[in-house]
Q: 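Got a structure here, written out as structure tokens. Questions coming.
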Amino acid sequence: MNGVVSARRAARHGCRLYSSSASEAWDGPFFRLQKRRGQHLLTNPRVLDAIVRRAVIRPGDAVLEVGPGTGNLTVRLLASPAASVAAVEIDPRMATAVTTGDAMKVDFPEFDVCVSNIPYAISSPLTAKLLFGSYRFRTATLLVQREFARRLVGAPGHGEHNHLATNLRVVADVNLLMDVSKADFVPVPGVDSSLVEIRMKEHQLQQQQKKKKNKKEKNLGTIFKQKEMVMELFRLSRIEEERIGNASSSGRGAPHDEYDADDGENDEHPCNGEGGFSEEEFVVFKERIAGTLQSARLNNERPSMLSNEDMMRLLRLFNKRGVRFH
Ligand SMILES: C[S@@+](CC[C@H](N)C(=O)[O-])C[C@H]1O[C@@H](n2cnc3c(N)ncnc32)[C@H](O)[C@@H]1O
């Protein structure tokens with residue numbers, strides 16, 4: 001990256017930015033970095049360059065950055081072929097030309113790729129917001145805590161992060177791009193980091209495209225009744241069920257009490273005896289999804305209006321009832 005080019009570009013974009021060397025000087029007597037906000041600045045220029053390279057930004061892309069801090073990464077994003085860079089920063093001391101606000105509370109502008117060294121405290125809800133909000137983007141290249149990265153790409157297990165990990169796979173593929181040492185940050189954090197790429201699946205992009213055309217966003221009850229959606233979840237749940245060897249969650253004696261299932265009368269069922277499952281199994285599965293939404297009282301909610309808490313609650317309920325996304 002040429003610093004002069006990026007500075008000019010930054011000026012064109014109306015941004016005031018700080019170089020990585022300047023950021024080190026910031027953690028001094030006049031400006032204290034705040035650990036509670038995850039303010040560990042990435043200062044290794046080779047790692048910063050590698051992040052932008054690995055993000056594969058195309059000419060004309062709109063880029064979103066969460067937590068630009070002193071702009072170490074932002075200057076490089078501005079020097080990329082991106083058409084625009086929008087950044088959301090919670091700390092007004094650092095937000096000279098970006099949206100000041102909590103990334104969990106503000107609405108992001110439209111973007112094609114998200115490239116961010118995110119505050120690790122919001123890894124889970126931010127990933128959920130990106131994935132299950134109403135954003136239509138190609139990839140999110142995120143620097144996250146190494147353990148979180150491993151959970152996203154690894155086998156499902158226990159805990160909230162893993163619920164998120166299992167559920168995100170229905171909409172995206174996750175790749176581990178590289179490990180980054182804690183020594184590359186100022187101040188040095190207690191944990192190592194890894195760069196992950198979350199790449200939206202083609203069917204999800206198409207669905208989002210349709211949603212965009214169709215101005216009126218459907219509610220969750222309607223979305224989870226759609227044949228393609230139910231089929232895909234059914235397929236993934238069966239794969240996962242076979243993997244964990246838990247036949248009881250397949251729809252044969254699986255938990256489907258506590259709720260009144262929607263009859264879905266008018267929906268044509270998609271199984272025709274091929275593919276190794278019966279119509280009855282499919283219907284039971286479909287009812288289980290509808291019942292889960294009803295018992296969560298989220299049937300009439302629109303995805304973009306869902307709070308992070310409700311989103312995580314729903315994902316947990318789905319997992320508990322054998323509606324699996326991996
Ligand atoms: C790990 S630092 C990254 C700084 C810079 N991008 C870098 O790579 O050196 C995370 C940044 O996110 C900001 N931040 C923390 N919580 C936030 C939130 N909820 N919304 C937006 N920004 C947040 C912090 O103030 C900090 O600047």
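The first residue in the sequence is number 1, and the count goes up from there. Counting starts at 1 for both ligands and their atoms, in listed order.
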Q: Which part of Ile90 is near ligand 1, with near meaning a heavy atom under 4.0 Å away: side chain, backbone, both or neither?
A: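 For Ile90, backbone and side-chain atoms both sit under 4.0 Å from ligand 1.
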Q: With no hydrogens and no angle check, just 3.5 Å: does a side-chain donor-acceptor pair link Glu147 and Gln145?
A: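 Yes, a side-chain donor-acceptor pair sits under 3.5 Å.
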Q: Tell me if a side-chain donor or acceptor on Lys129 pairs with a main-chain N or O of Ser124 at a distance below 3.5 Å.
A: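 Side chain of Lys129 to backbone of Ser124: no pair is present.
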Q: Heavy atoms only, cut-off 4.0 Å: how does Pro68 contact ligand 1, side chain, backbone, both, or neither?
A: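 Near ligand 1, Pro68 shows its backbone, while the atoms from C-beta on stay back.
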Q: Using atom types as modelled and distance alone, determine if a side-chain donor or acceptor of Thr222 lies under 3.5 Å from a backbone N or O of Lys218.
A: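 Judged by distance alone, no pair lies under 3.5 Å.
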Q: Just which atoms of ligand 1 are under 4.0 Å from any heavy atom in Glu65?
A: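 Once the distances to Glu65 are compared, the set is 6 (N).
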Q: Flag the pair Arg76 and Asp49 as a salt bridge only when some basic side-chain nitrogen lies within less than 4.0 angstrom of an acidic carboxylate oxygen.
A: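 Salt bridge: yes.
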Q: With side-chain contact (heavy atoms from CB on, under 4.5 Å) as the test, would you mind laying out the steps for Leu77 and Val115 before giving the verdict?
A: CA-CA 8 Å; Leu77 295 172; Val115 186; 3.8 Å; yes
Q: Under 4.0 Å from a heavy atom of Leu41: give me the atoms of ligand 1 that qualify, with their elements.
A: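 Near Leu41, meaning under 4.0 Å from one of its heavy atoms, ligand 1 has 4 (C), 9 (O).
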Q: Return the option from Gln39, Arg37, Glu89 holding the heavy atom at the smallest distance from atom 27 (O) of ligand 1.
A: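 It is Glu89 whose heavy atom sits nearest to atom 27 (O) of ligand 1.
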Q: Going by the order shown, which atoms of ligand 1 are within less than 4.0 Å of some heavy atom of Ala103?
A: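 Ligand 1 atoms under the 4.0 Å threshold to Ala103: 18 (C), 19 (N), 20 (N), 21 (C).
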Q: Is Asp102 in polar range of ligand 1, meaning some N or O pair under 3.5 Å apart?
A: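 Yes, there is a polar N/O contact under 3.5 Å.
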Q: Report the part of Ile122 in contact with ligand 1, treating N, CA, C, O as backbone and CB onward as side chain, heavy atoms under 4.0 Å; options are side chain, backbone, both, neither.
A: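 Ile122 to ligand 1: side-chain contact only, backbone stays beyond 4.0 Å.
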Q: Kindly say whether Val186 contributes a backbone atom to a donor-acceptor pair with the side chain of His40 at under 3.5 angstrom?
A: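 Here the side-chain-to-backbone pair does not exist.
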Q: May I ask you to check if ligand 1 and Asn117 share an N or O to N or O distance below 3.5 Å?
A: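 Asn117 vs ligand 1: N/O contact under 3.5 Å present.
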Q: Measuring from non-hydrogen atoms of Met104 to any atom of ligand 1, is the shortest distance under 4.0 Å?
A: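 Contact check Met104 vs ligand 1: negative.
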Q: If the cut-off is 4.0 Å to any non-hydrogen atom of Gly38, which atoms of ligand 1 fall inside it?
A: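 This gives 1 (C), 2 (S), 10 (C) as the contact atoms.
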Q: Asn72 heavy atoms, cut-off 4.0 Å: which ligand 1 atoms fall inside?
A: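 Selected atoms, number and element: 9 (O).
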Q: Does Lys105 have a heavy atom less than 4.0 Å from any atom of ligand 1?
A: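 No.
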Q: May I ask you to decide if Ala296's main-chain N or O and Arg313's side chain share a donor-acceptor pair within less than 3.5 Å?
A: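 Between the backbone of Ala296 and the side chain of Arg313 there is a qualifying donor-acceptor contact (under 3.5 Å).
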Q: Taking atom 16 (N) of ligand 1 as the point of reference, which of Ala121, Pro125, Pro119 owns the nearest heavy atom?
A: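 Looking at heavy atoms only, Pro119 sits closest to atom 16 (N) of ligand 1.
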Q: Would Leu73 count as a polar contact of ligand 1, with the cut-off being nitrogen or oxygen pairs under 3.5 Å?
A: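 There is no such contact.
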Q: Val180 and side chain to side chain contact (heavy atoms under 4.5 Å, CB included): which partner among Val144, Ile51, Leu143?
A: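 With Val180 as partner, Val144, Ile51, Leu143 yield a single side chain to side chain contact (heavy atoms under 4.5 Å, CB included), made by Leu143.
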Q: Check for me whether Gly71 has a heavy atom closer than 4.0 Å to any atom of ligand 1.
A: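 Judged by the 4.0 Å heavy-atom criterion, Gly71 does not count as contacting ligand 1.
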Q: Just one of Thr139, Val171, Leu131 clears the side chain to side chain contact (heavy atoms under 4.5 Å, CB included) bar with Ile198, so which one?
A: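 Exactly one pass, corresponding to Leu131.
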Q: For Gly101, counting its heavy atoms only, list the atoms of ligand 1 lying under 4.0 Å from any of them.
A: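 In order of number, 20 (N), 21 (C).
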Q: Walk me through whether Leu293 and Leu314 qualify under side-chain contact (heavy atoms from CB on, under 4.5 Å).
A: CA-CA 7 Å; Leu293 279 170; Leu314 182 61; 3.9 Å; yes
Q: With a cut-off of 4.0 Å, which atoms of ligand 1 are near a heavy atom of Val88?
A: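 In order of numbering, the contacting atoms are 21 (C), 22 (N).
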Q: Which word best sums up how the rings of Phe111 and Phe137 line up, parallel for under 30°, tilted for 30 to 60°, or perpendicular for over 60°?
A: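 The rings of Phe111 and Phe137 lie parallel, inter-plane angle below 30°.
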